[in-house]
Colleague: 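Below is the structure I would like to discuss, written out as structure tokens.
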Amino acid sequence: MSQKIQSIRGMNDLLPADAGVWQHLQSVAAQVFSAYGYRELRVPVVERTELFKRAVGEVTDVVEKEMYTFEDRGGENLSLRPELTAGIVRAGIEHGLLYNQQQRVWSSGQVFRYERPQAGRYRQFHQLDVEAFGLAGPDVDIEMIAIAARLWQRLGVSGFRLQINSLGTPDSRANYRAALTDYLRSHEAALDEDSKRRLGSNPLRVLDSKVPTTREIVAAAPSILDHLDAESLAHFVSLKAGLDDLGIGYEVNPRLVRGLDYYTRTVFEWTTDQLGAQDAVCAGGRYDGLVAHLGGAPTPGIGFAIGMERLIALIGLQNAAVPEHGPQVYFCRFGAQAERAAAALAEQLRDALPGLRLVLNAGGGKLGAQLKRADACGARFALILGDDEAAGQKVQVKSLRGEGEPVSIGWPELPQHLAQRVGLSA
Ligand code: HAM
């Protein structure tokens, strides 16, 4: 036997037993997003490396250390997308979706980051991403947060902590950066090595250091909220009032700075204490300079992304309801006549009951073997058709889960009977 080939570390398979919750999340999310007028946009998994460098920022962990970058056979420098926003903005500019208009879009799919894999942190993971363009006011910031809140509610997950902050404009941020750098320099000797390095390149990132000694220093650092320009401050005040109006609880965290460079003004993060260290389930913010930075006309933007693996872990931990998705009915057939009749009958049942999930036995086998397969696939009912039943145009309906005695049903009555037993409308 040849040696087995293993999957890549940090990249997971989705097995059939887990597919139901993914489908459920995708369909509920699509419903919630469209309830706010957002439409789907899909962008490629691979883009030019330059796009992410420019959008996410050269001095970010994502670009410096985490991108899957390669040269293709034509010598182009490409990267697997580490997030969706950059590609969406690129596509929006390229297709003229952003110029002088308002645009509400969502997207989802795989993203790739070369991080150290651990529970809740993967190298290939999935994001659900929502973005709005051409809207500069706090009203759409409130809408963004309301969308996420509605999604939690529709999925039946709870216990989140919503943190918000404002990073101001590039000018006000530069002022803050100077004040913060002065402060951190005065404590430089006590900072951890990583923070010392960041002090020169990206001092705001020192604010979310996890190192306890650095955190102590950061606790007394100047607050970004004391350095906001008047408009950013008014924007932030309106955002808070709007969240209050909707009854969405939040905490202001002046140390929330986010790991991507494109943000301006509002940033936010939904975290949970139920997932250990990888506690951010959803995060985002405003990026009013990004469209112009990527070559479009100046257009405000705001959005967020949900880590699907983390949200699904939470759905599991909280036992939130997920609709059944496995087969409901297994159709056993034996004998030449019955095999052919069953194939036609199975198609008729699928015609009559579009929600029905029915497996038609394939590969022959004795009734006992077929019933074992029926049980193994999780079906609630077996349909049994031998040549005798076929001759009488009947089928036996047998519960596999102790829901009453077997009954013999005429073919014409079968759709109605099954609809009732599995809870579908015929
Ligand atoms: P982000 O905070 O880098 O933001 O990622 C968003 C979410 O993706 C995180 O909150 C987390 O749930 C999930 N996530 C991140 N890294 C991993 C990983 N290695 N494994 C599993 N899940 C992970 C963005 O990507 C921005 N593009 C969000 C945004 C959209 N901002 C504006 N529009």
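Ligands are counted one by one from 1 in listed order, and the atoms in each one are counted from 1 as well. All heavy atoms count here, side chains included; hydrogens, waters and symmetry mates do not.
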Colleague: With heavy-atom distances below 4.0 Å as the criterion, list the atoms of ligand 1 near A305.
Modeller: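 Those qualifying, in numeric order: 6 (C), 7 (C), 28 (C), 29 (C), 30 (C).
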Colleague: N/O to N/O below 3.5 Å, does that happen between T85 and ligand 1?
Modeller: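 Between T85 and ligand 1 (N or O atoms, distance only) the closest approach is under 3.5 Å.
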Colleague: For E115 and ligand 1, does the shortest N/O to N/O distance drop below 3.5 Å?
Modeller: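 Yes: some nitrogen or oxygen of E115 is under 3.5 Å from one in ligand 1.
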Colleague: Does CZ belonging to R39 count more than 12 external heavy atoms closer than 6.0 Å?
Modeller: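 Not more than 12 within 6.0 Å, no.
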Colleague: State the atoms of ligand 1, each with its element, that fall below the 4.0 Å cut-off from a heavy-atom position in D129.
Modeller: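 Numbered from 1, ligand 1 contributes 30 (C).
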Colleague: Please check if atom CD in E188 has more than 12 non-hydrogen atoms from other residues, nucleotides or ligands closer than 6.0 Å.
Modeller: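 Yes, because the 6.0 Å sphere around CD of E188 holds more than 12 heavy atoms from other groups.
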Colleague: Are Y68 and Y114, when compared by the centres of their aromatic rings, separated by less than 6.0 Å?
Modeller: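 Close enough - the centres of the two rings lie under 6.0 Å apart.
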Colleague: For ligand 1, find out whether one of its N or O atoms is nearer than 3.5 Å to an N or O atom of G307.
Modeller: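 Checking ligand 1 against G307, an N or O pair does fall under 3.5 Å apart.
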Colleague: Could you label the plane-to-plane angle of the W270 and F160 rings as parallel, tilted or perpendicular, counting under 30° as parallel and over 60° as perpendicular?
Modeller: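 Because their plane-to-plane angle is over 60°, the rings of W270 and F160 count as perpendicular.
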Colleague: Have a look at ligand 1 and work out which part of R113, if any, has a heavy atom under 4.0 Å from it: side chain, backbone, both or neither.
Modeller: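 Under 4.0 Å from ligand 1, R113 contributes side-chain atoms alone.
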Colleague: Looking only at non-hydrogen atoms, find the nearest pair between V395 and I384 and report the distance.
Modeller: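 Looking at all heavy atoms of both residues, the closest pair is CG1-O, 3.6 Å.
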Colleague: Calculate, to the nearest 0.5 Å, the distance between atoms CD and CH2 belonging to Q127 and W106 respectively.
Modeller: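 Rounded to the nearest 0.5 Å, the CD-CH2 separation comes out at 13.5 Å.
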Colleague: Counting only heavy atoms closer than 4.0 Å, does ligand 1 sit against the backbone of R258, its side chain, both, or neither?
Modeller: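 Side chain only.
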Colleague: A quick test of your reading: do over 12 heavy atoms of other residues, nucleotides or ligands sit less than 6.0 Å from CZ of R421?
Modeller: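 Check passes, neighbour count above 12.
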Colleague: Using a strict 4.0 Å cut-off to heavy atoms of Y263, name the atoms of ligand 1 that fall inside it.
Modeller: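 That gives atoms 26 (C), 28 (C), 29 (C), 31 (N), 32 (C) of ligand 1.
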Colleague: Should the ring pair Y36 and Y38 be called parallel, tilted or perpendicular, given that the plane angle runs from 0 to 90° and is split at 30 and 60?
Modeller: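 Aromatic pair Y36/Y38 classed perpendicular.
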Colleague: Within a distance under 4.0 Å of any heavy atom of E83, pick out the atoms of ligand 1 and give their elements.
Modeller: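 Taking each heavy atom of E83 in turn, ligand 1 has 25 (O), 26 (C), 27 (N) under 4.0 Å.
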Colleague: Quick check against the 3.5 Å criterion: does R104 have a side-chain atom that pairs as donor or acceptor with the backbone of F133?
Modeller: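 A pair under 3.5 Å: no.
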Colleague: Using a 4.0 Å heavy-atom threshold (strictly under), name the region of Q278 that reaches ligand 1: side chain, backbone, both or neither.
Modeller: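 Within the 4.0 Å criterion, Q278 makes no contact with ligand 1.
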Colleague: Looking only at distances, can you tell me whether any N or O atom of Q127, backbone or side chain, sits closer than 3.5 Å to an N or O atom of ligand 1?
Modeller: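 Yes - when backbone and side-chain N and O of Q127 are compared with those of ligand 1, one distance drops under 3.5 Å.
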Colleague: Side chain, backbone, both or neither: which part of W270 has a heavy atom under 4.0 Å from ligand 1?
Modeller: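 For W270, there is no contact with ligand 1 at all, from either part.
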Colleague: Can we say E251 and R161 salt-bridge, meaning some charged N sits less than 4.0 Å from an Asp/Glu carboxylate O?
Modeller: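 Looking at E251 and R161, the cut-off is met.
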Colleague: Looking at R350, I want to see if its CZ is surrounded by more than 12 non-hydrogen atoms of other residues, nucleotides or ligands under 6.0 Å.
Modeller: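 Count over threshold, so yes.
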Colleague: Check the surroundings of atom OH in Y183: do more than 12 heavy atoms from other residues, nucleotides or ligands lie under 6.0 Å from it?
Modeller: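 Check passes, neighbour count above 12.
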Colleague: Heavy-atom distance to atom 10 (O) of ligand 1: which of A119, A55, A280 wins?
Modeller: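 Shortest heavy-atom distance from atom 10 (O) of ligand 1: A280.
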Colleague: Is the contact between P82 and ligand 1 made by the side chain, the backbone, both, or neither, using heavy atoms and a 4.0 Å cut-off?
Modeller: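 Neither; no heavy atom under 4.0 Å.
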Colleague: Checking a contact table here: which protein heavy atom is nearest atom 21 (C) of ligand 1, and how many Å away?
Modeller: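 It is G120 O, 3.3 Å.
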Colleague: Where's the contact between E131 and ligand 1, heavy-atom distance under 4.0 Å: side chain, backbone, both or neither?
Modeller: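 It is the side chain that touches ligand 1; the backbone stays farther off.
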Colleague: Would you check whether G259 reaches within less than 4.0 Å of ligand 1, judged by its heavy atoms?
Modeller: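 Contact absent.
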Colleague: Can you sort out which atoms of ligand 1 are near F304, meaning under 4.0 Å from one of its heavy atoms?
Modeller: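 Counting atoms of ligand 1 from 1, those under 4.0 Å from F304 are 29 (C), 30 (C), 32 (C), 33 (N).
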Colleague: What part of I302, side chain from CB on, backbone N/CA/C/O, both or neither, has a heavy atom under 4.0 Å from ligand 1?
Modeller: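 It is neither; nothing of I302 touches ligand 1.
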Colleague: When you compare ligand 1 with V130, is there at least one nitrogen or oxygen pair between them that comes in under 3.5 angstrom?
Modeller: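 By distance alone, the answer is no.
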